[in-house]
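Below is one structure, written out as structure tokens, with a few remarks after it.
Because the structure is a prediction, the values reported are computed rather than measured. Lettering follows sequence order; numbering is per chain, from 1.
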Protein chains: 2
Amino acid sequence: MNIVLLEAEQTQSEFWKIENPRQLQHLSQHIQLNAGDTLKVGIRNGQRHLTEVVTISGQHIVLRPIQAEALPAKLPVHLILALPRPKVLRRIIMDAVTLGVERISLIHSYRVDKSYWQSPFLQQLNDYVTLGLEQAGDTIEPEIQLYKRFKPFVEDILPSFISGQRPAYVAHPYAEQQMPYAIQHSCSLIIGPEGGFIPYEVDLLQKNGCQAMSLGNRILRTETAVSSILGRLFV
Amino acid sequence: MNIVLLEAEQTQSEFWKIENPRQLQHLSQHIQLNAGDTLKVGIRNGQRHLTEVVTISGQHIVLRPIQAEALPAKLPVHLILALPRPKVLRRIIMDAVTLGVERISLIHSYRVDKSYWQSPFLQQLNDYVTLGLEQAGDTIEPEIQLYKRFKPFVEDILPSFISGQRPAYVAHPYAEQQMPYAIQHSCSLIIGPEGGFIPYEVDLLQKNGCQAMSLGNRILRTETAVSSILGRLFV
């Protein structure tokens, strides 16, 4: 947690109050805050501020904003992910948000277990986003969409995100071209499920404007692939 | 698991046998193997082979090697990590091994809780390495060393790994220079604990030949940083 994220409603008056138990617990565990100390705070989908701690109690911390701070830039990327296993969903969303992904689409794919769409973890996406923003020191939520059917997404939705200036790359172990690096434009990045997309899916993606790109001959877990490819695309 | 890793002793005769319960369970859960199917197998620190399944039972799978296969190349990098929290140690080691790191040093640092050095997870490093190799389709274990004292490591050990052709980069949020990308040489990569190295440590690293390099103004979790920086350094 490198900033504390507050809701806009919490920042309407002269003094702001941290009341969220998770945030209070994190601060008391990891930071020895005293009145007079400064603390970095973000307003969800708003500005970031340096604040001063006015009072601290077990139930809340009262802050006074001192000055606005710059937000970190987003990565101009639309991350399209085959819905990961519930257990890793949290980490992948957190990582993608921390790294600055602008938009996330979670899609179905042949090797995505249908039960994943019923997972209670899917109800907690907002919490994962909050954790990622607090880690990165960012306040702007990415847009997240769920698409439970692969073909309609690829044929009807995906093409609207692709253009000559905005290509779509599918990470695919058996592609001939290498995933590009240090790109200076926006893109969509499509990452399959554990076990990969099936050939029909790769074909359909390619027919609808996507380019299959290899990552060399090591096969990465989804979560490793997300961080590694984003690190390579946007240096 | 993209290959099954066997020990050299298991591959002395004409037929090889998978007997490890973890491996048998993974195969029965994720792959519907039948006699006559092919299976990718690696020999720890040895070759990789395509094999044919001869017989399958609940207790073992018997294989016949068909032909040797190429191993994926390693990344020419020495990853030096402040010992991570036990909970994330497994994932970080797995990721580093999957990505192909040649050598790993786990070091102490001011913000590493001393109790981490007593963690039972440290006894399981070999298992994490095995999982990483099986994920990547690699067989060659990285060298892993533990250094429980920061200063002696930085002053006496680290300099032997640094030269003009082999720089050492410290990931440091407040450095002026940007972490390089697409490098064509080997290097050491040093990543601090959660909360970062303290200024004294960064100074000592720099005095001993390391270069502090920034990753932009997003602060990443250790595990995100490892994959993201490796993805960027070695494209």
Side-chain angles (χ1 to χ4, degrees), chain A residues 1-3 30-31 40 48 69-75 87-88 91-92 94-101 111 113 131-138 171 173 178-183 194-196 213-235, chain B residues 1-3 30-31 40 48 69-75 87-88 91-92 94-101 111 113 131-138 171 173 178-183 194-196 213-235:
Chain A
M1 191 195 258
N2 292 296
I3 62 167
H30 296 278
I31 304 174
K40 292 179 187 207
R48 208 176 105 163
E69 292 191 320
L71 288 174
K74 289 280 189 198
L75 303 183
K87 231 179 116 179
V88 299
R91 285 202 298 278
I92 294 189
M94 258 190 80
D95 281 356
V97 172
T98 302
L99 288 162
V101 166
R111 293 206 176 104
D113 194 307
L131 294 173
L133 293 173
E134 288 187 331
Q135 171 68 42
D138 193 0
Q178 287 281 320
M179 183 70 75
Y181 62 90
I183 64 174
E194 287 177 68
M213 296 291 184
S214 149
L215 297 170
N217 45 13
R218 293 180 173 271
I219 306 198
L220 308 179
R221 293 189 300 149
T222 311
E223 40 188 317
T224 322
V226 167
S227 303
S228 162
I229 300 174
L230 290 174
R232 159 195 186 109
L233 285 174
F234 303 98
V235 298
Chain B
M1 191 194 257
N2 291 296
I3 62 168
H30 296 277
I31 305 174
K40 292 181 186 204
R48 207 175 108 162
E69 291 190 323
L71 288 175
K74 289 280 189 200
L75 302 184
K87 232 180 113 180
V88 299
R91 284 202 299 277
I92 294 189
M94 257 191 82
D95 280 356
V97 173
T98 302
L99 288 162
V101 166
R111 292 207 176 105
D113 194 305
L131 294 175
L133 293 174
E134 287 186 333
Q135 170 69 42
D138 194 0
Q178 285 282 321
M179 183 69 75
Y181 62 89
I183 64 174
E194 286 176 69
M213 297 290 185
S214 148
L215 298 168
N217 45 13
R218 294 180 172 270
I219 306 197
L220 308 179
R221 293 189 300 150
T222 311
E223 39 187 321
T224 322
V226 168
S227 303
S228 162
I229 300 174
L230 290 173
R232 158 192 186 111
L233 285 173
F234 303 99
V235 299

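- The CD1 atom of B/I92 sits 8.5 Å away from atom OG1 of B/T224, with the distance rounded to the nearest 0.5 Å.
- Across B/M1 and B/E134, no two heavy atoms sit closer than the pair CE-OE1, 3.3 Å.
- Interface residue B/L220: backbone and side-chain heavy atoms are both found under 4.5 Å from chain A.
- The nearest pair of heavy atoms linking B/G196 to B/R111 is O-NH1, 3.1 Å.
- The shortest distance between side-chain heavy atoms of A/N2 and A/Q135 falls below 4.5 Å.
- From B/S228, atom OG reaches atom CZ of B/R221 across 12.0 Å, with rounding to the nearest 0.5 Å.
- Counting only distance, with no hydrogens or angles, the side chain of B/R48 and the backbone of B/E69 share no donor-acceptor pair below 3.5 Å.
- Residue A/M94 touches chain B through its side chain alone, counting heavy-atom pairs closer than 4.5 Å.
- In this structure, the portions of A/L99 lying under 4.5 Å from any heavy atom of chain B include both its backbone and its side chain.
- Of the possible polar contacts, one joining the B/R218 side chain to the A/T98 backbone as a donor-acceptor pair under 3.5 Å is found.
- Of the listed residues (A/L233, A/D95, A/V226), the one with the most heavy-atom contacts under 4.5 Å to chain B is A/D95.
- The parts of B/N217 that come within reach of chain A are both its backbone and its side chain, each placing non-hydrogen atoms under 4.5 angstrom from that chain.
- Taking chain A as the reference chain and counting heavy-atom pairs below 4.5 Å, the highest number among B/A225, B/P72, B/G100, B/A70 is found for B/P72.
- When heavy atoms are compared at a cutoff of 4.5 Å, B/E194 does not approach chain A at all.
- The contact between A/E223 and chain B is made entirely by side chain atoms (from C-beta outward), counting heavy-atom distances below 4.5 Å.
- In this structure, the portions of B/I219 lying under 4.5 Å from any heavy atom of chain A include both its backbone and its side chain.
- Distance check: B/R232 CZ to A/L230 CG gives 12.5 Å after rounding to the nearest 0.5 Å.
- B/V88 does not touch chain A: none of its heavy atoms, backbone or side chain, sits under 4.5 Å away.
- By number of non-hydrogen pairs under 4.5 angstrom with chain B, the leading residue of A/D138, A/L215, A/I229 is A/D138.
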